[in-house]
Amino acid sequence: LAVWLGTYSKKFGTGFNRYHHGHMLDRVKRFNATAVFYAYLIAMLARHTQGLHDCDVKGAHSLCVHGADFIRRKEALILDTYEHYA
């Protein structure tokens with residue numbers, strides 16, 4: 001069973017919701033299934049911490065223009081966020 005981790009967290013920009021995601025985990029237990037969480041993690045961090053927009057939003061302050069630089073400058077934050085999810 002898969003679910004999107006799209007809820008907002010002040011620290012990471014996205015996160016776990018015990019009601020929505022918890023319900024999915026209850027079903028995983030009931031059906032002896034595998035849980036899969038997926039997220040727009042790096043882009044959400046860039047949006048939350050740097051105010052970057054998706055590439056399809058007008059303006060130069062986008063992931064297409066500044067996304068690679070964000071990854072280079074914020075590698076530690078990205079890795080910390082993945083560790084938080086793990």
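Excluded from the calculations below are hydrogen atoms, water molecules and symmetry mates; all remaining heavy atoms, backbone and side chain alike, are included.
Evaluation of the salt bridge (charged side-chain N to carboxylate O under 4.0 Å, His left out) test over residues 31-50, restricted to residues two or more places apart or in two chains, returns R47-D54. Residues in residues 67-79 take part in these side chain to side chain donor-acceptor pair (under 3.5 Å) pairs, two or more places apart or across chains: D69-R73.
Every side chain to side chain contact (heavy atoms under 4.5 Å, CB included) that I78 has, sequence neighbours left out, goes to I42, L45, F70, I71, Y82. With sequence neighbours excluded, no residue forms a salt bridge (charged side-chain N to carboxylate O under 4.0 Å, His left out) with R27.
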For residues 57-67, which side-chain donor-acceptor pairs fall under 3.5 Å, sequence neighbours excluded?
| residue | atom | partner | partner atom | Å |
| --- | --- | --- | --- | --- |
| H61 | NE2 | Q50 | O | 3.0 |
| S62 | OG | C64 | N | 3.2 |
| S62 | OG | V65 | N | 3.4 |
| H66 | NE2 | A60 | O | 3.3 |

